[in-house]
Asks: 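Below is the structure I would like to discuss, written out as structure tokens.
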There are 2 protein chains.
Amino acid sequence: MVDLESFVGQKLRERGLRPTRQRMALGALLWANGDRHVSAEQLHNEAKEANCAVSMATVYNTLNQFVEAGLLKMVIVDAGRTYFDTNILPHHHFVFEKTGELEDIPAEKIVIPHIPSPLSKEADISSVSVMIRVN
Amino acid sequence: MVDLESFVGQKLRERGLRPTRQRMALGALLWANGDRHVSAEQLHNEAKEANCAVSMATVYNTLNQFVEAGLLKMVIVDAGRTYFDTNILPHHHFVFEKTGELEDIPAEKIVIPHIPSPLSKEADISSVSVMIRVN
DNA sequence: GTGTTTGCAAAGTGTTTGCAATTTA
DNA sequence: TAAATTGCAAACACTTTGCAAACAC
């Protein structure tokens, strides 16, 4: 990878998002290393620790913009347990019930030979997601 | 089925829940006919329409008790979109994105020949749930 | 400069809880 | 009568929004 700064900046510009200080900081935290599952609060804390104070409102707004722009996926594990996933490829998840943590399952690891169609309506499948809860 | 009243009463007593007026009313609405996906608010409204006023707090508490007792399953579709499912057998769901409605997929309709194990921990799989979003 | 973005505080949504009053067994 | 349940209102966690100030281009 080139330097993180320009990598993030380019990602943002590609999607028509201005590379503001806040978006750059959050982007850098999200995309510094491999795939991540982060909650809004976690990211807010990380930003604070990195001396990049960003308000909670901005964290939420930014994460939603990133999701909208296709830069992140939202994963809802439970009521009040929402993660933002930097892995935007189709994939599945293990959920560790003890901790609430997630682990990605690459799409090709789960084969579903036949996907059924709904009875009631035309089938225009937009996604298939599998959650495997373990404890 | 015998009469609904005693059917519900028995269900409750079996799980150690007293058949109070409120629980009987909510149970009757839930189990009158085939399987249902109901939100707390929906059920609250239905109870009101059936002239069985039950407070919102009691609807929530009761639904949670029913889930705890294994009489219902909770299905979270989106942040702030939680359903209570009277189908307690293992199964999967279609989610209609337009309406947020659910349709059950019987477990045997979705075959996953090989379930992977998580990398990081011992695999003690408690459930596998598939959500197919359609629009 | 002009339009976009931010941060705050306030509002919103869906859900849970403390507690006095009521109901059930 | 003793223990469980209910309903209210308040509290809650998480998220969104309105708007003035700050920023990016």
Side-chain angles (χ1 to χ4, degrees), chain A residues 5-6 8-29 37-45 47-48 50-69 71-84 100, chain B residues 5-6 8-29 37-45 47-48 50-69 71-84 100:
Chain A
E5 190 83 2
S6 49
V8 173
Q10 188 183 335
K11 239 178 195 305
L12 296 179
R13 264 182 295 263
E14 262 172 18
R15 309 301 173 112
L17 295 169
R18 286 188 181 176
T20 63
R21 182 178 63 74
Q22 291 86 339
R23 296 211 268 236
M24 291 296 290
L26 297 178
L29 290 166
H37 303 106
V38 212
S39 70
E41 196 171 12
Q42 254 172 70
L43 193 62
H44 184 235
N45 288 336
K48 196 173 297 179
N51 286 317
C52 280
V54 178
S55 78
M56 203 61 201
T58 297
V59 172
Y60 275 109
N61 292 335
T62 302
L63 287 171
N64 287 334
Q65 289 156 359
F66 286 4
V67 170
E68 192 127 335
L71 297 171
L72 291 178
K73 269 192 185 183
M74 195 184 275
V75 182
I76 295 162
V77 174
D78 273 322
R81 185 164 227 123
T82 301
Y83 288 112
F84 294 87
Chain B
E5 190 84 3
S6 49
V8 173
Q10 187 183 333
K11 239 179 196 305
L12 296 178
R13 262 181 296 261
E14 264 172 16
R15 309 301 173 113
L17 295 169
R18 288 187 181 179
T20 64
R21 181 178 65 74
Q22 290 86 338
R23 295 211 267 234
M24 292 295 290
L26 297 178
L29 290 166
H37 303 104
V38 212
S39 71
E41 197 171 14
Q42 252 172 71
L43 193 62
H44 184 236
N45 288 336
K48 197 173 296 180
N51 285 318
C52 280
V54 178
S55 77
M56 202 62 199
T58 298
V59 171
Y60 274 109
N61 291 335
T62 302
L63 286 171
N64 287 334
Q65 289 156 359
F66 285 5
V67 169
E68 192 127 333
L71 296 171
L72 291 177
K73 268 192 185 184
M74 194 184 275
V75 182
I76 295 163
V77 174
D78 274 322
R81 184 164 226 121
T82 302
Y83 289 112
F84 294 87

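Here is how names work: the chains are called A, B, and so on, in the same order as the sequence lines, proteins then strands, and each is numbered from 1.
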Asks: Starting from C1' on C:dT16, measure out to CD on B:Q65 and report it in whole angstrom.
Replies: 13 Å
Asks: To the nearest 0.5 Å, what is the distance between OH (B:Y83) and CG (B:L43)?
Replies: 13.5 Å
Asks: Could you state the interatomic distance from NZ (A:K48) to OG (A:S55), rounded to the nearest 0.5 Å?
Replies: 10.5 Å
Asks: Atom CD of B:E41 to atom C1' of C:dT16: distance rounded to whole Å?
Replies: 16 Å
Asks: Distance under 4.0 Å to a non-hydrogen atom of chain A counts as contact; along DNA chain D, which nucleotides mark the start and end?
Replies: D:dC14 to D:dC25
Asks: Hey, what bend do you get for the helix from C:dG1-D:dC25 to C:dA25-D:dT1 if you fit axes on five pairs at each end, rounded to 10°?
Replies: 30°
Asks: If I take atom NE2 from residue B:H37 and atom OG1 from residue B:T82, how far apart are they, to the nearest 0.5 angstrom?
Replies: 13.0 Å
Asks: So B:N64 and B:F84, do their side chains get closer than 4.5 Å, heavy atoms only?
Replies: yes
Asks: Return the set of residues passing side-chain contact (heavy atoms from CB on, under 4.5 Å) with B:A47 (not counting sequence neighbours), or none when no residue passes.
Replies: B:L26, B:L29, B:V54
Asks: Identify each donor-acceptor pair in which a side-chain atom of residues 15-22 of chain B lies under 3.5 Å from a protein atom, sequence neighbours left out, and give them as a table.
Replies:
unit_1 : atom_1 : unit_2 : atom_2 : d
B:R15  : NH1    : B:A69  : O      : 2.6
B:T20  : OG1    : B:R23  : N      : 3.2

Asks: Rounded to the nearest 0.5 Å, how far apart are CD of B:Q65 and OG1 of B:T58?
Replies: 9.0 Å
Asks: Quick one: OG1 on B:T62 to CE on B:M24, what's the gap to the nearest 0.5 Å?
Replies: 12.5 Å
Asks: Taking atom CD as the centre, does A:E14 end up with more than 12 heavy-atom neighbours from other residues, nucleotides or ligands that are less than 6.0 angstrom away?
Replies: yes
Asks: So if I take residues 53-63 of chain B and measure heavy-atom distances to DNA chain C, which residues fall below 4.0 Å?
Replies: B:A57, B:Y60, B:N61
Asks: Taking all heavy atoms of A:K11 and all of A:L71, pick out the closest pair and write down the distance.
Replies: CG-CD2, 4.1 Å
Asks: Within residues 12-22 of chain A, find the residues that approach DNA chain D with a heavy atom at under 4.0 Å, and present them sorted by residue number.
Replies: A:R18, A:P19
Asks: Measuring from A:S39:OG to A:N45:CG, what's the distance to the nearest 0.5 Å?
Replies: 8.0 Å
